[in-house]
Protein chains: 2
Amino acid sequence: MTEPLPPGSVIGILGGGQLGRMLALAAARLGLVCHIYDPAPSPPAAQVAAACTTAAWNDAEALAAFAKAVDVVTYEFENVPAAALDAIEAVRPIRPNRKALATSQDRLTEKTFLASLGLATAPFAPISNDSEMTAAVAQIGVPAILKTRRLGYDGKGQARLTTPTDGAEAWASMAGAEAILEGYVEFSAEISVIGARGLDGAVACFDPGRNVHQDGILQRTTVPASVPATVVTDAVLLTAKILNSLDYVGVIGVELFVTPAGLVVNEFAPRVHNSGHWTQTGCTICQFEQHVRAVAGWPLGDGQRHSNVEMENLIGFDVCRVPALAAEGAALHLYGKAEARAGRKMGHVNRITGPA
Amino acid sequence: MTEPLPPGSVIGILGGGQLGRMLALAAARLGLVCHIYDPAPSPPAAQVAAACTTAAWNDAEALAAFAKAVDVVTYEFENVPAAALDAIEAVRPIRPNRKALATSQDRLTEKTFLASLGLATAPFAPISNDSEMTAAVAQIGVPAILKTRRLGYDGKGQARLTTPTDGAEAWASMAGAEAILEGYVEFSAEISVIGARGLDGAVACFDPGRNVHQDGILQRTTVPASVPATVVTDAVLLTAKILNSLDYVGVIGVELFVTPAGLVVNEFAPRVHNSGHWTQTGCTICQFEQHVRAVAGWPLGDGQRHSNVEMENLIGFDVCRVPALAAEGAALHLYGKAEARAGRKMGHVNRITGPA
């Protein structure tokens, strides 16, 4: 399929969390229908989607039925098992494609890929046993951070090394999971670019945002990022390079460190990204609609920013602030999660801070 | 209930057309759940709501079950039968209230109400027989327009009189339905104010938009309306007067004629309004969210406009322009209607024309 999907077509979304929910809301604006697939019952996205399949990632029958019921499949998170994707891909296209997904699913593959494009990354080394750990610490030095190659997000599956002797304990904490040791990058700011690439190869990037994390979880994104114009240009160009070399279709989130020696790529996520939520309030066409447009084969919007925005995540019991935030008149987004837990993303707030 | 409904509460919406759909999308952003009631199967709003009851307006059992399943009830159109509202109101609050609805359901009651507030309307006279028709034409003159008192919208149930002798035929075309003859108002512009009043009595109005109709259907709304500042002030103040005197909760659409002698009120709709769709792109908080906030007892947003916007309705086969409009990068809104028909509202486009 290379023609744009007509209104009324069905987008299948793997994962029904808040990203799937906001994708479904954006798709609805374009007259497109969403079908969610999630192993958990009543996921947040199901409240706003026309259909929801509740089935496990290894339920081949459910996966095949889901694929047949939709016109194209996308995903809201990058850890969908490969076998599930195989079953779906036999029936319908998956966008972004498998290469993008496979590259981002493994931190070692991802860093190797980025390095192959000539992009700077933190120094890194693969770790699968004690002796590699010892050698890597000697080579990369401390401080450093040991991360599982797969299935890590929001700071989970990570151990910090502050002295060389921390290596053994850090490796033990991985419980045998293949890991990667990353050297520490001295940076003045963390920024991210939300980029998009259409089925026609067109690329559009939103303005970079400046991110502040706490305990490994994004807390705040501010746009503009208040970095020199050359940094903005570099960030956008490297994002386009990643998109083009993966023959990517959809939205990508690229996390970057601003350093005196230039931009260092931390990682990318082959999906809409928490640090792009500001676009809902700052742009005519937000990251969610941009992703839906790309996945449905529609032309991209231009992603122009009309306002400066500060996005704040509402994590865990931050939801207790909802009454006060509602009174503030900022744009409040709540994800329909019944239960607040420490570290759980419950919603976010977008505040316009001035015209762009 | 005077406390704000907490996230997870259920808003019942009578009517599942495009207005119900966009209300449901706005409610979802706030973590609120929607339940649609509509006699037609698979209405546009059902695709994005958690629940939909398909039942007739006279199905007392279904109405009662619907009311019990939700926390508060609102409506997307003003012609819900009174008996249905009685059944619902016995169980749950209806917002905006019955007085607002009853006033707007009958053009004669509406005009009498507006006149009682000291607001200017077109000259009008009730018509229920031939002799009243003759007398009214003599009093009001021509050109004039004969409208059914109830159930008219988008120019339906109307007959235009250009000469006094048109009266008999116009009255005959009403097929015995009670009517109202309205004198012609010479105006320089049609504008509308989308106002909102919260459960706490707070009032917030969006900037007036300038409307262009074709064949009785709204075609385009432009904001700002390019009228003098005094006209904007008058428009907002009279809207607040209407809201307060009806003890109104929710969003109202007030249509006004700009004349050399001041503003003349054409009519108001006790609901979100087609001429307020521009707020989706021009404001942090749109009319749909504002309505949901009011109905749920939440504080209103401030309705501040960050951008100038032109809203264009896509009517009937205007949907054939969707591929071109998508390429333009404007904010496109499609209503999920499977079939295009002449005069049917299929979607709209919001174009930012500059900063506010």
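The sequence lines fix the lettering, A, B, ..., with proteins before strands; numbering per chain opens at 1. As the structure is a prediction and not an experimental result, all values here were calculated from the model.
The most heavy-atom pairs under 4.5 Å with chain B, out of A:Ala327, A:Gly336, A:Pro6, come from A:Ala327. Among the candidates A:Cys283, A:Ala326, A:Gly303, the residue making the largest number of heavy-atom pairs closer than 4.5 Å to chain B is A:Ala326. Contact tally against chain A (heavy-atom pairs below 4.5 Å) for B:Cys34, B:Ala331, B:Ala28: the top residue is B:Ala28.
Heavy-atom distances place the side chain of B:Ile352, and not its backbone, under 4.5 Å from chain A. In this structure, the portion of A:Ile285 lying under 4.5 Å from any heavy atom of chain B is its side chain and not its backbone. B:Ala46 does not touch chain A: none of its heavy atoms, backbone or side chain, sits under 4.5 Å away. For chain A, the nearby part of B:Ala49 is the backbone; its heavy atoms alone come within less than 4.5 Å. Heavy atoms closer than 4.5 Å to chain B are found in the side chain of A:Pro7, but not in its backbone. For B:Val322, the part lying near chain A is the side chain, with the backbone staying farther off; criterion is any non-hydrogen pair under 4.5 Å. The part of A:Ala330 that comes within reach of chain B is its backbone (N, CA, C, O), which places non-hydrogen atoms under 4.5 angstrom from that chain.
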Produce the donor-acceptor pair table for chain A versus chain B, cut-off under 3.5 Å.
from: A:Arg21; atom 1: NH2; to: B:Ala28; atom 2: O; distance (Å): 2.7
from: A:Ala28; atom 1: O; to: B:Arg21; atom 2: NH2; distance (Å): 2.6
from: A:Arg29; atom 1: O; to: B:Leu334; atom 2: N; distance (Å): 2.6
from: A:Gln47; atom 1: O; to: B:Ala50; atom 2: N; distance (Å): 3.3
from: A:Ala50; atom 1: N; to: B:Gln47; atom 2: O; distance (Å): 3.3
from: A:Arg293; atom 1: NH1; to: B:Ala326; atom 2: O; distance (Å): 2.8
from: A:His306; atom 1: ND1; to: B:His306; atom 2: ND1; distance (Å): 3.4
from: A:Ala326; atom 1: O; to: B:Arg293; atom 2: NH1; distance (Å): 2.8
from: A:Leu334; atom 1: N; to: B:Arg29; atom 2: O; distance (Å): 2.6

Is there a side chain to side chain contact (heavy atoms under 4.5 Å, CB included) between B:Leu25 and A:Val48? Walk through the geometry before answering.
CA-CA 8 Å; B:Leu25 293 172; A:Val48 296; 5.6 Å; no
